[in-house]
Amino acid sequence: MNDFLEVVVVGIGNGAVYAMLGLGLVVIYRSTGLLNFAQGELSMFSTFIVWTIWNAGVPLWLAILGGMAGGFLVGILLHQVAVSPLGDPHEKPLAVVIVTIALFLALNGAAQLIWGTVDKRLDPLFGQSQVTIGGVAIQWQKIGAVLVLVALATGFVLLFNRTKLGLAMRAVASNSESAGLCGVPVPRILMLGWGLAAAVGTVAGVFTAPQLGLGTNMMQLTLIFGFAAITLGGFDSLIGAVVGGMVVGILSAVVPQYVSTFERMPLAPAFILILAVLLFRPQGLFGSKEVQRV
Amino acid sequence: MTSTGPRWVRYASGAVMAVVLVALPFMFPAFRVNQFVTWMCLAVAAAGLNLLTGFNGQISVGHGALYGLGAYTAAILVTDSGWPMLATPVAAAAVCFVAGVVIGLPALRIKGLYLALVTLAVATLFPALVEQFSSLTGGSSGLSLVVPQDDCPRGRPECPVRWESPIDGLASDQWRYFVFLAVTVVMFIVVANIVRSRTGRSLVAIRDNEVAAEASGVNVSRAKILTFGTSAAIAGVGGAMLALNNGRVNPTSFTLLVSIYLLVAVVVGGAATIVGPAVGTVVAGLFNDVIAPELPGRFENAAPVILGVLLVIQMLLAPNGIVGQIRDLQARIAARRHGGDPGGQTGHLATPGGTGTEPEDLGSASGT
Amino acid sequence: MSLLEVSGLRCGYGIVEVLFGLDLSVAEGELVVVLGANGAGKTTTLRAISGMIPASGSVRLDGTEVLGRRPDQLLSAGVAHVPQGRGTISALSVEDNLRVGGYQRSSAEVTEDLEMWFEVFPRLSERRTQLAGSMSGGEQQMLAIARAFMSRPRLLLLDEPSLGLAPLVTREVFDRLRDVTQQMGSAVLLVEQNANLALDFAARAYVLEAGSIVVSGSASELQGDEAIQKAYLGL
Ligand SMILES: Nc1ncnc2c1ncn2[C@@H]1O[C@H](COP(=O)(O)OP(=O)(O)O)[C@@H](O)[C@H]1O
Ligand SMILES: [Mg+2]
């Protein structure tokens with residue numbers, strides 16, 4: 001039983017990271033209607049920014065804020081030069097796929113160019129120590145990840161539901177033409193959406209790096225898990241990203257442990273989940289029906 | 001290859017291309033010739049992907065997995081079952097056709113960006129699948145193709161794949177080049193015939209407007225699934241070619257990057273054009289195998305950055321790809337010569353599902 | 001000087017030209033209608049004026065050239081636009097739709113106006129928290145009008161409010177529109193196919209045919225002229 005619980009705890013820790021990446025994906029989906037295949041690389045890139053600042057002797061939490069600011073700017077820049085000129089993503093899905101994949105390649109290459117191909121070491125934000133609760137050892141880092149996730153999700157829920165910027169973002173996502181006629185500066189809102197998504201992606205990277213090593217490819221699997229999370233939760237639902245992330249995290253930790261067919265494929269349960277949800281409930285658990293634009 | 005230019009231009013450019021293709025293996029050292037063969041394998045797979053994504057508008061970021069499946073099918077059949085090498089592409093096509101149909105079934109309900117997501121997951125999953133079934137695939141250490149041969153060194157009954165040239169004066173790499181060139185040309189002719197057939201026109205009709213296609217009597221579900229299967233089969237042939245050429249297969253040869261590479265080849269060359277994937281593969285191959293290794297030490301990792309930036313620029317400025325753009329230009333010149341308006345140029349981008357490139361004979365598509 | 005002065009407006013989609021040098025004007029507080037059959041170019045005219053599609057020629061507001069500005073920039077200059085089909089932001093609640101309408105104003109002003117509009121349209125008040133997309137066509141049209149007025153525009157561009165509405169509902173929409181414009185003092189440039197109602201509403205009218213203005217005059221002149229009615233208005 002304790003073995004099982006420990007696997008679940010690992011799953012929850014991973015799930016929190018998937019959910020953080022998922023939050024970024026949802027923010028971009030909600031503001032621009034596109035699936036951002038470069039989100040993982042964006043997050044990797046800004047985590048390297050965090051590392052650079054931290055490596056220069058700045059406290060880690062401050063470095064993270066710096067990395068978020070850096071990620072925000074990179075996100076804005078990429079949106080302005082590459083994504084925005086494309087126009088409506090659902091009119092030209094192939095162009096969107098190609099451009100976000102191009103950004104994926106460019107960010108990955110740029111990171112290799114700047115920081116080299118040898119993995120860097122980034123300390124866990126909440127240290128190495130652990131507590132034992134009911135006979136189950138839990139690292140503080142995992143508890144911290146869940147707390148940070150809750151804080152981020154709450155922040156975004158408040159942003160979307162309680163602020164003027166959030167209102168504008170929701171309006172643009174639902175009907176950008178009308179939002180523009182109502183006086184919402186649509187291009188600027190879309191740009192901010194990308195910036196915010198990149199900023200929250202930083203946090204996902206900061207929690208991934210101590211575990212996998214800070215390398216240029218560290219987010220590629222995580223991205224698929226993040227997509228599985230928001231597919232399950234609903235592409236436009238922040239709460240869905242959190243719940244979906246947890247479910248995906250736990251499933252992909254538990255299933256390979258107990259099902260020998262999936263021993264080496266933690267990704268397989270996530271994949272099956274993506275497929276099943278898109279087939280039978282495309283709006284996910286919490287998404288709005290509108291998402292069924294598929 | 002285009003219906004616009006004057007006939008003699010088409011024949012002349014075809015002849016020039018044929019001469020170049022024949023001359024290449026005599027002009028370059030063996031390692032280059034080997035790279036050219038690798039490009040052919042990729043070009044075939046890209047042509048398969050183009051059938052699905054370019055002509056039919058179903059986006060796949062997972063064709064690297066089907067390419068890999070074809071390669072592993074060939075490798076396992078040659079090594080474990082002792083199949084003759086040139087029979088394996090056919091088997092790979094059959095296996096991948098089935099796999100394609102299986103992926104194509106959910107694709108009936110999952111479209112656009114969401115299909116891209118699912119296929120992206122397939123691409124990411126493939127290397128893990130290979131490792132999971134390591135008793136069959138050799139896991140992470142890969143699989144070497146061995147064939148029974150009478151003249152194996154040191155009296156062993158079997159040895160690695162070799163391509164002995166039966167013709168005097170033709171080195172083995174040159175011989176292999178021509179064998180693979182023949183297979184590649186055959187595959188492109190197959191694709192061209194599919195595209196120009198009634199079925200091909202219905203694929204385009206589905207891409208442009210599914211409801212209208214259905215209304216005009218096209219069995220949309222059947223056509224989409226068959227396209228997925230056929231596209232996968234062609235990609236599988238490309239993969240089998242790669243396995244036969246390299247003499248070994250490795251899970252690392254079939255990562256997500258291969259899927260991306262194939263998609264890039266299609267888009268750069270020109271989605272929904274016959275020769276586009278070949279042109280795109282050559283451009284991407286030149287970039288990756290010829291230019292990138294020449295970058296000065298400090299910038300050896302700059303290649304993907306440059307590629308990414310170029311891709312973005314291309315999508316913004318020339319979204320129809322090299323072949324598509326040339327054809328647009330020809331159409332414009334022809335229209336000017338006839339004093340007419342260059343019709344059909346605007347609104348290209350708005351074509352749902354595709355990059356907006358028109359197929360060779362869209363005019364007849366409406367008639368299906 | 002007129003509030004809105006459009007001259008030589010040309011516009012099209014791709015290589016298809018739709019407007020061939022349009023001239024029209026709206027004075028401060030004036031109610032003007034552009035009549036025309038389906039496909040005449042009415043919607044295109046409004047879209048060109050508010051910057052939703054590229055156009056050439058000249059659109060002046062208080063003498064300042066505004067052609068080439070984005071819709072949100074035009075709104076800051078005092079032009080609100082209710083698009084054809086009402087432009088409901090369907091994933092937002094009724095109240096949030098109205099709040100978006102007041103995006104460029106301070107939240108205190110918005111809250112104040114919000115209450116006013118809920119008094120003017122009690123039915124919107126009842127559906128305050130309901131998703132706007134779930135309302136009936138007539139209710140969505142009222143919402144669209146209220147939302148446009150949330151920005152306190154000097155000029156309202158209104159595209160076929162009667163579209164898809166039952167005759168009784170259409171009449172009610174026009175009645176409310178008349179009350180509201182009187183109260184707010186905004187100028188209105190209405191485009192309509194329904195000539196009877198529109199001529200009752202407006203003071204001045206243009207008739208648009210195949211992208212050109214063919215007749216213009218006061219609403220009562222047009223209402224009195226049987227030849228014009230037969231030729232252009234299908235009455
Ligand atoms: N998005 C578009 N693309 C191409 N042509 C269009 C588009 N919208 C309208 N048109 C054409 O422009 C002309 C005028 O349309 P519109 O302004 O909508 O007319 P109205 O509003 O008077 O019915 C019509 O012939 C119509 O077919
Ligand atoms: Mg209209």
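Quick note on labels: first sequence line is chain A, next is B, and so on, each numbered from 1.
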**OP:** Would you confirm whether A/Asn175, through its side chain, and C/Ser90, through its main-chain N or O, come within 3.5 Å as a donor-acceptor pair?
**Re:**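 No; zero donor-acceptor contacts below 3.5 Å.
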Which portion of [X] sits near chain A, non-hydrogen atoms under 4.5 angstrom:
X: C/Ser76; value: neither
X: C/Arg47; value: side chain
X: C/Arg99; value: both
X: C/Met52; value: side chain

**OP:** Would you give the length of the straight line joining atom CD of A/Glu177 to atom NE2 of C/His81, rounded to the nearest 0.5 angstrom?
**Re:**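 Rounded to the nearest 0.5 Å, the CD-NE2 separation comes out at 8.5 Å.
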Original post:
Once you round to the nearest 0.5 Å, how far does CG of A/Leu181 lie from CD1 of C/Ile89?
Top reply: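 The distance works out to 9.0 Å.
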Subject >> side chain to side chain contact (heavy atoms under 4.5 Å, CB included) between A/Lys164 and C/Ser107, worked out >> reply: CA-CA 9 Å; A/Lys164 202 164 167 176; C/Ser107 56; 6.0 Å; no
Original post:
Should we say atom CZ of A/Arg188 is surrounded by more than 12 heavy atoms from elsewhere, each under 6.0 Å from it?
Top reply: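 No, not enclosed.
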**OP:** Check the surroundings of atom CD in C/Gln130: do more than 12 heavy atoms from other residues, nucleotides or ligands lie under 6.0 Å from it?
**Re:**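 Yes.
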Subject >> Least distance between heavy atoms, A/Cys182 atom then C/Leu75 atom >> reply: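 Of all heavy-atom pairs spanning A/Cys182 and C/Leu75, the closest is O-CD2, 3.6 Å.
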Subject >> Top of A/Ser178, A/Gly183, A/Ala168 for chain C proximity - count of heavy-atom pairs under 4.5 angstrom >> reply: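 Going by pairs under 4.5 Å, I would pick A/Gly183.
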Original post:
Are C/Asp72 and A/Val186 side-chain neighbours, meaning at least one heavy-atom pair lies under 4.5 Å?
Top reply: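 They are not in contact (no side-chain heavy atoms under 4.5 Å apart), so the answer is no.
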